[in-house]
**Student:** 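Handing you this structure, nothing more for now.
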Amino acid sequence: MEEMEVDLHIEISESDSSTEVDEEEEEDDGSMQNASTFERLRRLASRVQRRRLGAGLRFHSFSVDERLQILQRSLQALEEHDRNRVVNMDPRLMESSPHSSHSAAGIPTVSQESATTEADGTGAVVQPEAQLEHPTPENEAVSVPVEASAAATHTAAQEDVDDGEGETCSICFELWTTAGDHRLAALRCGHLFGHICIKRWLMSGGNKCPQCNKPAKRDHIILLYARKLRALDNSEVMQLKRALEIEQGLRRKEELETAQCRLQLQVTTDENIKLRKEVEEGRRWRAHMASSSSQGGALSLSQTQDTSTGGHYVFSKAVLISQAGGSRVLSYCEPLGCLLASQPSPHATLVPGFGVKKISTVNLKASQYVPIHGKQIRGLAFSRQQDGLLLSAALDNTVKLTSLMTNTVVQAYNTGRPVWSCCWCHDNNNYIYAGLSNGSVLVYDTRDTSTCVQELAPLCSSCPMVSLSYIPRTASSSFPCGGLIAGTLEGGCFWEHVDGTTYTPHILPLESGNCTDIQVEPDSRHCLVTYRPGRANPSLRSVLMELTRSPRSDSSQPSVCSCSPVQTFIAGSSGKLLTKNAVFKIPAAEGSTLVCAGDEGTNSTMVWDAGTGALLQKLPADLPVLDICPFEVNQSSYLASLTEKMLKVYKWE
């Protein structure tokens with residue numbers, strides 16, 4: 001700080017002294033001598049600021065006390081230079097100048113014959129004429145006509161004062177603007193400043209006006225809109241800058257979208273090339289197998305399995321769902337192209353409860369967590385309206401409808417008991433079903449937000465309703481009716497949906513006591529019933545059954561709906577968890593039906609051919625598989641298996 005003060009002092013005393021002293025000395029009627037001390041300091045600071053800006057320095061970067069000290073030192077140096085200039089001035093110029101008689105400035109009259117004359121009480125001695133015969137460079141500068149110099153300096157000084165008073169802030173000595181941070185502002189006392197300057201002044205501890213020392217606060221600042229004050233209008237520049245920033249942001253967004261589209265196109269092209277190569281290899285392999293079979297060659301077991309189904313599952317990717325575990329059920333949303341896996345909240349302290357995590361099927365990455373329930377979720381289902389509306393059931397005694405478009409719960413029903421399963425009515429999407437822990441089924445109308453419209457009471461026991469599946473009405477000769485298949489731990493029943501709210505119950509001939517899950521393949525009207533190990537059967541079994549309906553013997557007697565076993569699939573010897581299995585068709589395998597079930601003993605997903613009953617594959621997992629979900633993306637078939645922590649995706653090839 002001291003070095004900067006010295007530089008400022010030297011620059012004023014050396015470079016500005018000749019011009020500014022002339023201005024002050026030559027002004028008419030001694031106007032500068034009669035000016036107030038504050039006005040003189042302010043004008044001097046304005047000149048200093050304009051010269052310091054050329055050197056890259058900011059005078060307002062100093063504090064108020066430091067600026068005052070700098071100005072006082074500069075003023076003292078200027079006065080000292082005045083006295084020295086009087087001593088070195090040529091007496092002939094003094095006599096010829098019309099302003100030489102102004103003794104009010106403290107300059108005495110000097111004759112040509114006098115060698116030494118005492119100045120006005122300061123002790124300064126005027127040099128004799130003999131010493132001025134060979135003038136120094138400083139004396140040469142003084143030899144300019146005094147009247148022309150006085151007029152020029154007076155005009156420049158007046159312009160500087162006008163500029164400083166009408167357009168500059170008295171704190172930073174910079175121009176005001178009509179927009180932005182340095183726009184014109186005033187205090188209650190009436191003094192004008194740049195808005196950011198006076199704001200910083202008051203925030204830094206100043207509680208008075210910098211000019212009149214009247215009390216001031218931040219809320220005293222008033223923005224001015226006067227037209228007569230000369231302020232630099234940069235509003236159009238600011239608007240253009242904002243428009244430029246908006247255009248630059250839009251351009252960056254378009255470039256990003258273009259890059260993403262290029263990447264997606266490249267990925268699709270590579271996938272297409274890969275599929276073409278695989279199809280060609282499959283054709284050659286089939287031709288080779290056909291030729292070898294005609295020659296009597298025996299096929300291995302794996303070759304027989306691949307020939308019967310036309311392919312197998314290949315591991316694609318594993319996705320971490322929950323580091324702490326707790327995932328339970330899985331579902332696929334076709335309109336949004338994403339898988340949904342239930343899990344506890346990843347931020348239990350901030351957002352407690354349970355929800356679902358979205359996994360995009362495009363890049364198989366977990367994207368977003370949606371909070372829904374307060375306790376564990378036991379059922380997820382989607383309607384066939386392609387509206388992205390998720391139905392969820394949980395142990396917190398609620399059934400909720402969540403819009404995945406906005407990730408918000410749009411409707412909630414209080415069931416009064418823990419809910420173990422749920423599904424939609426595919427014949428009328430206004431109805432939903434909730435399976436309770438006491439074995440009953442509640443029917444809700446989404447147009448009625450108050451309560452359920454009907455309750456289907458349990459037929460046999462009060463065991464929890466572990467699974468619900470709806471079969472839509474279709475023109476089928478073997479089973480031409482629709483309804484709800486409900487599975488409990490003691491067995492299952494079929495609630496035939498006659499019309500409206502009329503349901504006819506049919507008890508299915510299932511084994512009692514060991515049923516854990518019932519899943520339905522609606523096109524073929526087959527259901528997959530899973531039994532846990534027991535005394536009679538020590539292994540986990542999945543039995544594929546065909547639904548049938550007996551013809552009416554009498555028009556007054558209702559028809560009887562039943563089911564009969566078609567194929568049985570044996571898994572491991574452990575079945576402690578209530579896992580959800582799957583039965584589905586694969587279009588890529590020319591309509592082949594597959595059965596998938598989780599094996600707790602080997603922590604794997606077992607895949608069988610429903611037609612032959614042969615075990616095709618065992619897809620390994622790190623933990624017991626809790627839910628299985630088949631889905632299709634871009635005419636390709638996939639299979640997702642869910643454990644407590646991980647989701648594994650396999651592609652059919």
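None of these values were measured; they are calculated from a predicted model.
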**Student:** Got V466 and D517 here, is their nearest side-chain heavy-atom distance under 4.5 Å?
**Tutor:**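 Heavy-atom side-chain distance check fails, nothing below 4.5 Å.
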**Student:** Output all residues satisfying salt bridge (charged side-chain N to carboxylate O under 4.0 Å, His left out) with D523, sequence neighbours left out; order by chain, then residue number.
**Tutor:**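 So D523 forms no salt bridge (charged side-chain N to carboxylate O under 4.0 Å, His left out) with any residue.
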**Student:** Applying ring pair (Phe, Tyr, Trp, His ring centres under 6.0 Å), name anything that partners H497, two or more places apart in sequence or on another chain.
**Tutor:**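 H497 satisfies ring pair (Phe, Tyr, Trp, His ring centres under 6.0 Å) with Y503 once adjacent residues are dropped.
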**Student:** Answer yes if the side chains of N634 and S636 hold a donor-acceptor pair under 3.5 Å, and no otherwise.
**Tutor:**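 Result is no, nothing qualifies.
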**Student:** Would you say S327's side chain and S342's backbone share a donor-acceptor pair under 3.5 angstrom?
**Tutor:**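 Answer holds: yes.
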**Student:** I'd like to check the side-chain hydrogen bond (donor to acceptor under 3.5 Å, both in side chains) partners of N514; sequence neighbours left out, ordered by chain and number.
**Tutor:**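 Applying side-chain hydrogen bond (donor to acceptor under 3.5 Å, both in side chains) to N514 gives none.
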**Student:** Could you tell me whether the side chain of L616 reaches within less than 4.5 Å of the side chain of Y313, counting heavy atoms only?
**Tutor:**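 Contact flag for Y313/L616 side chains = no.
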**Student:** Taking distance alone, no hydrogens or angles, what donor-acceptor pairs closer than 3.5 Å link side-chain atoms of residues 344-353 to residues at least two apart or in another chain?
**Tutor:**
from, atom 1, to, atom 2, distance (Å)
S345, OG, H347, N, 3.3
S345, OG, H347, O, 3.4
S345, OG, V351, O, 2.4

**Student:** I need the minimum non-hydrogen distance between L578 and R378, along with the two atoms involved.
**Tutor:**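 For L578 and R378, the tightest heavy-atom pair comes out as CD1-NH2, 4.1 Å.
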**Student:** I need the minimum non-hydrogen distance between D396 and T398, along with the two atoms involved.
**Tutor:**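 Scanning both residues, the minimum pair turns out to be OD1-OG1, 2.7 Å.
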**Student:** So, N537 side chain and S539 main chain: donor-acceptor pair closer than 3.5 Å or not?
**Tutor:**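 Looks like no, no N/O pair under 3.5 Å.
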**Student:** With D427, which residues qualify under side-chain hydrogen bond (donor to acceptor under 3.5 Å, both in side chains), at least two apart?
**Tutor:**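 Testing D427 for side-chain hydrogen bond (donor to acceptor under 3.5 Å, both in side chains), a comparison that skips the adjacent residues, returns Y470.
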**Student:** Side-chain atoms of residues 271-281: list all donor-acceptor pairs with protein atoms under 3.5 Å, sequence neighbours left out, distances to 0.1 Å.
**Tutor:**
from, atom 1, to, atom 2, distance (Å)
E271, OE2, K651, NZ, 2.6
N272, OD1, R276, NE, 3.4

**Student:** Any ring-ring contact (aromatic ring centres under 6.0 Å, His included) pairs touching residues 390-429, not counting sequence neighbours?
**Tutor:**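 Only Y413-Y444 qualify under ring-ring contact (aromatic ring centres under 6.0 Å, His included).
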**Student:** First locate atom CD of E653, then atom OG of S637, and finally report the distance between them rounded to the nearest 0.5 Å.
**Tutor:**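 E653 CD to S637 OG: 11.0 Å, rounded to 0.5 Å.
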**Student:** Sorted by first residue and then second, give each ring-ring contact (aromatic ring centres under 6.0 Å, His included) pair with at least one member in residues 599-632; sequence neighbours left out.
**Tutor:**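 Listed by first then second residue: Y332-F631, F569-W608, F631-Y638.
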**Student:** Can you list, pair by pair, the side-chain donor-acceptor contacts under 3.5 Å of residues 365-372, counting residues two or more places apart and other chains?
**Tutor:**
from, atom 1, to, atom 2, distance (Å)
S367, OG, K358, O, 3.3
Q368, OE1, N407, ND2, 3.1
Y369, OH, G355, N, 3.1

**Student:** Among residues two or more places apart or on two chains, list those pairs meeting ring-ring contact (aromatic ring centres under 6.0 Å, His included) that have a residue in residues 513-547.
**Tutor:**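 Those involving residues 513-547 do not exist here.
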**Student:** If I take atom OG1 from residue T516 and atom CZ from residue R541, how far apart are they, to the nearest 0.5 angstrom?
**Tutor:**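 If we round to the nearest 0.5 Å, T516:OG1 and R541:CZ are 10.5 Å apart.
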**Student:** Taking E600 for the side chain and L577 for the main chain, is one N or O donor matched with an acceptor at less than 3.5 Å?
**Tutor:**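 Looks like yes, one N/O pair under 3.5 Å.
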**Student:** Any donor and acceptor pair, going by atom type alone, linking the side chain of D627 with main-chain N or O of L642 inside 3.5 Å?
**Tutor:**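 No, the answer is negative, given that no donor and acceptor are paired below the 3.5 Å cut-off.
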**Student:** Do S383 and N429 have side-chain N/O donor and acceptor atoms under 3.5 Å apart?
**Tutor:**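 No donor-acceptor contact under 3.5 Å links the two side chains.
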**Student:** If you look only at pairs with a residue in residues 484-495, which of them pass as a side-chain hydrogen bond (donor to acceptor under 3.5 Å, both in side chains), with sequence neighbours excluded?
**Tutor:**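 Counting only pairs at least two positions apart or across chains, the side-chain hydrogen bond (donor to acceptor under 3.5 Å, both in side chains) contacts touching residues 484-495 are E490-S512.
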**Student:** Suppose we screen for side chain to side chain contact (heavy atoms under 4.5 Å, CB included). Which residues come up paired with A318, at least two apart in sequence or across chains?
**Tutor:**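 Listed in chain order: F315, M646, K648.
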